[in-house]
2 protein chains.
Amino acid sequence: MTPPKAPHSAESCGSPTDFSESVGQRLRHRGVTPTRQRLEIASELLREPVHLSADEVHARVRKAGANVSRATVYNTLSLLVERGLIRQVVVDPGKVFYDSNIAPHHHFYDTDAGELIDIALDDVAVTGLPELPADKQLDGIDVIVRVSSRQ
Amino acid sequence: MTPPKAPHSAESCGSPTDFSESVGQRLRHRGVTPTRQRLEIASELLREPVHLSADEVHARVRKAGANVSRATVYNTLSLLVERGLIRQVVVDPGKVFYDSNIAPHHHFYDTDAGELIDIALDDVAVTGLPELPADKQLDGIDVIVRVSSRQ
DNA sequence: GTGCTTGCAAATGCTTTGCACAAAA
DNA sequence: TTTTGTGCAAAGCATTTGCAAGCAC
């Protein structure tokens with residue numbers, strides 16, 4: 001593809017996730033005050049690469065014993081996306097995944113299973129994109145390969 | 001009528017749109033009864049290649065003098081997508097475009113303008129996709145190149 | 001203490017549904 | 001006439017917001 005200057009999102013993002021670094025550290029490094037709720041939420045995502053919906057995050061956090069409201073989950077997820085700690089993947093209207101793998105990559109989306117599967121970027125190339133107008137900046141390239149179970 | 005999840009998309013679709021053929025004909029060919037409301041709705045899309053949200057379609061149809069409810073617009077758009085006459089493009093949660101260009105192609109999405117711009121497919125190639133599991137079928141490939149105006 | 005965070009519930013925005021009426025075949 | 005489509009208003013979801021009370025530093 002075409003890799004110009006660009007900050008957050010699909011192709012360009014911060015440094016790839018180091019899943020061994022402490023969650024609190026990673027939040028601080030991005031200027032996010034590590035409150036108890038944020039640590040709980042971020043831990044569900046940053047402990048290992050996952051694809052979760054906001055509601056799944058909420059459910060997991062509560063299951064883990066923390067009393068966190070939906071509003072806080074949504075606010076925190078937005079914050080983490082904004083700060084480049086996780087990535088948002090929209091596959092359908094009202095179907096949003098939060099992806100803790102921020103290394104550049106793409107996705108299979110299995111419509112039947114409702115499941116997202118990573119495609120490593122070094123497998124895939126998108127070539128021949130027209131140049132951008134001078135006043136635009138590239139924010140990212142999302143490639144979603146939609147699949148379903150054969151009938 | 002039965003408005004299920006959108007099947008058609010990027011790579012796989014019906015025959016490319018012939019914008020010169022009558023809208024009524026095109027509906028009939030796909031087994032869609034051409035009622036007055038459907039003709040109004042379909043005309044806004046099938047007259048020329050456009051990217052419209054459901055609400056924009058509703059506004060245009062009403063502006064054109066027809067008394068069509070939101071429900072009918074939504075039902076009809078789902079039907080047209082299901083029958084492969086138009087295509088649904090999801091760029092953000094709650095931001096869905098209906099695209100009357102069903103020839104395989106991809107998109108720029110300008111976050112600031114909220115505008116979708118076609119990228120002709122012959123310019124772009126996506127290579128190196130892993131093979132699909134045998135029991136899966138490919139429904140389509142969506143490539144969305146996100147751009148913005150701010151620095 | 002000061003200012004950012006949280007929870008709750010209410011509000012929002014978009015989309016779907018139920019049902020009586022109207023139009024098509 | 002029998003089937004199919006339409007309008008309206010109400011219901012549904014996922015997400016956001018306003019504000020008082022609570023934490024972090």
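Within every chain, numbering begins at 1; the chains are lettered A, B, ... in the order of the sequence lines, protein sequences first and strands thereafter. All values below come from the heavy atoms of this structure, side chains included, with hydrogens, waters and symmetry mates left out.
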A.B. asks: Using side chain to side chain contact (heavy atoms under 4.5 Å, CB included) as the criterion, point out the one residue from B/Thr76, B/Leu80, B/Leu79, B/Thr33 that pairs with B/Leu27.
C.D. replies: B/Leu80
A.B. asks: Measure from CG on A/Asp92 to P on D/dA14 and round the result to the nearest Å.
C.D. replies: 13 Å
A.B. asks: Considering only heavy atoms, which members of residues 55-70 of chain A lie under 4.0 Å from some atom of DNA chain C?
C.D. replies: A/Asn67, A/Val68, A/Ser69
A.B. asks: Please check the phosphate of D/dG5 (OP1 and OP2 only) for any side-chain N or O of B/Gln37 closer than 4.0 Å.
C.D. replies: no
A.B. asks: Any donor-acceptor pair under 3.5 Å linking the side-chain atoms of A/Asn67 with those of A/Arg62?
C.D. replies: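 Distance-only check passes for A/Arg62 and A/Asn67.
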A.B. asks: Rounded to whole Å, please give me the gap between NZ in A/Lys95 and P in C/dT16.
C.D. replies: 15 Å
A.B. asks: Atom CG of A/Leu77 and atom P of C/dT6: how far apart are they, to the nearest Å?
C.D. replies: 12 Å
A.B. asks: Are A/Lys136 and B/Ser148 close enough that a side-chain donor and a side-chain acceptor fall under 3.5 Å?
C.D. replies: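 Absent: no donor and acceptor within the cut-off.
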A.B. asks: Over how many whole Å does the gap from B/Leu79 atom CG to C/dT16 atom C1' extend?
C.D. replies: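 Distance check: B/Leu79 CG to C/dT16 C1' gives 15 Å.
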A.B. asks: Looking only at heavy atoms, what is the nearest atom pair of A/Val90 and B/Pro93, with distance?
C.D. replies: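 That would be CG2-CD, 3.6 Å.
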A.B. asks: Using a 4.5 Å cut-off on heavy atoms from C-beta on, say whether the side chain of B/Val91 contacts that of B/Leu116.
C.D. replies: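 B/Leu116 reaches B/Val91 side chain to side chain.
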A.B. asks: Is it true that A/His51 and A/Asp118 share a donor-acceptor pair across their side chains at a distance under 3.5 Å?
C.D. replies: yes
A.B. asks: So for the helix from C/dG1-D/dC25 to C/dA25-D/dT1, with five pairs setting each end axis, what is the inter-axis angle to 10°?
C.D. replies: 30°
A.B. asks: Does the side chain of B/Asp142 come under 3.5 Å of the side chain of B/His106 through a donor N or O and an acceptor N or O?
C.D. replies: no
A.B. asks: Looking at D/dT15, I'd like to know if its phosphate oxygens (OP1 or OP2) sit under 4.0 Å from a side-chain N or O belonging to A/Tyr74.
C.D. replies: yes
A.B. asks: Do nucleotides 18-25 of chain C as a string where each nucleotide becomes B, S or -: B if the base has a protein heavy atom under 4.0 Å, S if just the sugar-phosphate does, - if no protein is that close.
C.D. replies: ------SS
A.B. asks: If you compare all heavy atoms of B/Ile86 against all heavy atoms of B/Ser100, which two are closest, and at what distance to 0.1 Å?
C.D. replies: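 For B/Ile86 and B/Ser100, the tightest heavy-atom pair comes out as CG2-CA, 4.2 Å.
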A.B. asks: Quickly work out the A/Leu52 CG to D/dA14 P distance and round it to whole Å.
C.D. replies: 15 Å
A.B. asks: Please state how far atom CG in B/Leu27 lies from atom C1' in D/dT4, giving the value in whole angstrom units.
C.D. replies: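 So the two atoms are 15 Å apart, to the nearest Å.
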A.B. asks: Of all the heavy-atom pairs spanning B/Ala42 and B/Val23, show the shortest one and how long it is.
C.D. replies: CB-CG1, 3.6 Å
A.B. asks: Report the residue (A/Pro93 or A/Val32) whose heavy-atom-nearest nucleotide on DNA chain C is the more 5′ of the two.
C.D. replies: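 Upstream on the strand: A/Val32.
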A.B. asks: Any salt bridge between B/Arg60 and B/Asp55, counting N to O under 4.0 Å?
C.D. replies: no
A.B. asks: How many whole angstroms separate atom CD1 of B/Ile41 from atom C1' of D/dG5?
C.D. replies: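 That distance rounds to 11 Å.
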A.B. asks: On a heavy-atom basis, which atom in A/Ile102 and which in A/Arg87 lie closest, and how many Å separate them?
C.D. replies: CG2-N, 4.1 Å
